[in-house]
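Note sheet for the following structure.
FYI, the numbering just counts along the sequence from 1. Everything quoted here is computed from the prediction, not taken from an experiment.
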Amino acid sequence: MALEAAPSWKAELEGEFFKPYMQELKAFLRREKDQQKVIFPPSAEWFHALEATPLPDVRVVILGQDPYHQPGQAHGLCFSVRPGVRTPPSLINIYKELQGDLGIQPPSHGYLESWAQQGVLLLNAVLTVEQSNANAHQGKGWEQFTDRIIHLVNERCESVVFMLWGSYAQKKGAFIDTGRHLVLKAPHPSPLSAHRGFLGCGHFSQANYYLKAQGRSEINWQLPASV
């Protein structure tokens, strides 16, 4: 476990790796590997959200819950899958909302790297999962680490848009200072709940309107047509 590739975050988070909860998490992950369990994403991509979006660059935060748990999907950005992998149902609904909100045509892939490179922190609450066993690593310590990440954005950044989709994300972001940041809430984009208010929420246009009003660059939500 290391943040060598994310220096702006390393300076703030390095102390977390010496705390008891992180030592327990490391031990848990070692035991899982010793038992030949397959963990997603690969360890080199556990902190990819931080590597792709340096702390000073954060303009938008989208909170997910758990990495995808089938082979080839997860690569460290919430809701995103690798090129060539079928777009998951929740992301299909995110694309539907983008089309309804901003008229953006859905791409043929689910790779959200270009958002991350523009300052969209695509952060899961839990950064690892066992293959074919959703939520298997919940409650092992990752939540405390990602809480610290959100606290850092809340404290160190100005005028960030937090998109909190679903009750889990809304509880995790309950402490965000709404005097300094814009907090947007909606149901989760999963097929089970998207029709209850995610579709039609207008979060993407609201985010850009807010960023522009604060003198910050807007996000180009149009993903590359192919990757």
- Task: Test side chain to side chain contact (heavy atoms under 4.5 Å, CB included) on Leu25 and Trp142 and set out the steps.
- Result: CA-CA 7 Å; Leu25 174 59; Trp142 279 129; 3.5 Å; yes
- Message: Apply side chain to side chain contact (heavy atoms under 4.5 Å, CB included) to residues Gln222 and Leu102 and explain how you reach the verdict.
- Response: CA-CA 9 Å; Gln222 178 70 69; Leu102 293 172; over 6 Å; no
- Item | Candidate pair Leu152 and Leu13, rule side chain to side chain contact (heavy atoms under 4.5 Å, CB included), full reasoning | CA-CA 9 Å; Leu152 278 172; Leu13 292 168; 3.6 Å; yes
- Item | Steps toward side chain to side chain contact (heavy atoms under 4.5 Å, CB included) verdict (Ile92, Lys96) | CA-CA 6 Å; Ile92 288 174; Lys96 286 179 181 176; 4.0 Å; yes
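Nearest heavy-atom pair, Leu121 versus Ala49, reported as atom, atom and distance to 0.1 Å: CD1-O, 3.6 Å. Summarising the geometry of Ala186 relative to Gln170, their closest heavy-atom pair is O-NE2, 3.0 Å, with the distance given to 0.1 Å. Nearest heavy-atom pair, Leu112 versus Leu223, reported as atom, atom and distance to 0.1 Å: CD2-CD1, 3.6 Å. Between Ala194 and Pro189, the shortest heavy-atom contact is CB-O, 3.6 Å. In plain terms, the two heavy atoms of Gln206 and Cys201 that are nearest each other are NE2-O, 2.9 Å. For the residue pair Pro107 and Ala225, the shortest heavy atom distance occurs at CB-O, 4.4 Å.
Centroid-to-centroid, the aromatic rings of Phe175 and His181 stay 6.0 Å apart or farther.
Judged purely by atom type and a 3.5 angstrom limit, Gln118 uses its side chain to pair as donor or acceptor with the backbone of Asn220. A donor-acceptor pair under 3.5 Å is formed between the side chain of Gln73 and the backbone N or O of Gln70. Formation of a donor-acceptor pair under 3.5 Å by the Glu143 side chain with backbone atoms of Ala125 is not found in this model.
The neighbour count for Arg148 CZ, taken as heavy atoms of other residues, nucleotides or ligands under 6.0 Å away, is above 12. Dense packing is recorded around NZ of Lys26, with more than 12 heavy atoms of other residues, nucleotides or ligands lying under 6.0 Å away.
Between atom NE2 of residue His203 and atom CG of residue Leu164 there is a gap of 8.5 Å, rounded to the nearest 0.5 Å. The distance from atom CD1 of Ile94 to atom CG of Leu199, rounded to the nearest 0.5 Å, is 10.0 Å. The structure places CZ of Phe145 at 6.0 Å from OH of Tyr21, a figure rounded to the nearest 0.5 Å. Remark: Cys157 SG to Leu55 CG distance equals 4.5 Å, nearest 0.5 Å. Once rounded to the nearest 0.5 Å, the distance linking CD of Glu97 with CZ of Phe204 reads 6.5 Å. With values rounded to the nearest 0.5 angstrom, Arg82 atom CZ is found 4.0 Å from Glu45 atom CD.
With hydrophobic clusters built from ILVMFWY side chains whose heavy atoms lie under 4.5 angstrom apart, Val126 does not share a cluster with Leu122. Taken together through direct or relayed side-chain contacts under 4.5 Å among Ile, Leu, Val, Met, Phe, Trp and Tyr, Ile219 and Val183 form parts of separate hydrophobic clusters. Clustering ILVMFWY residues whenever any of their side-chain heavy atoms sit less than 4.5 angstrom apart, transitively, puts Val120 in the very cluster that holds Val161. Val129 and Leu77 are assigned to two separate hydrophobic clusters, defined by single-linkage of ILVMFWY side chains at heavy-atom distances under 4.5 Å. Linking ILVMFWY residues whenever their side-chain heavy atoms come closer than 4.5 Å, directly or via other members, leaves Ile176 and Leu182 in distinct clusters.
Applying the side-chain hydrogen bond (donor to acceptor under 3.5 Å, both in side chains) test to every pair with at least one member in residues 46-68, sequence neighbours left out, gives these pairs: His48-Glu113. Here salt bridge (charged side-chain N to carboxylate O under 4.0 Å, His left out) pairs that include residues 163-189, with residues two or more places apart or in two chains, are Asp147-Lys172, Glu158-Arg180.
Counting heavy atoms from C-beta outward, Ser190 and Trp165 have side chains that stay 4.5 Å or more apart. The closest side-chain heavy-atom distance from Trp115 to Phe79 is not below 4.5 Å. Contact check for Lys19 versus Glu16: side-chain heavy atoms found under the 4.5 Å cut-off. Using a 4.5 Å heavy-atom cutoff, the side chains of Phe198 and Ser193 are not in contact. Taking 4.5 Å as the limit, some side-chain heavy atom of Tyr111 sits within range of a side-chain heavy atom of Ser80. Proximity of Leu123 to Cys78: side-chain heavy atoms (C-beta onward) are nowhere separated by under 4.5 Å. Side-chain atoms of Asn208 and Trp221, non-hydrogen and from C-beta on, do get closer than 4.5 Å to each other. Looking at Ile149 and Thr146, their side chains come closer than 4.5 Å, going by heavy atoms from C-beta outward.
Phe17 and Phe47 have perpendicular rings, their planes meeting at more than 60° on a 0 to 90° scale where under 30° would count as parallel.
Partners of Arg156 according to the salt bridge (Lys or Arg N to Asp or Glu O under 4.0 Å) rule, which considers only residues two or more places apart in sequence or in another chain, are Glu12.
Side-chain contact check for His137 and Thr128: at least one donor-acceptor pair (N or O, by modelled atom type) lies under 3.5 Å.
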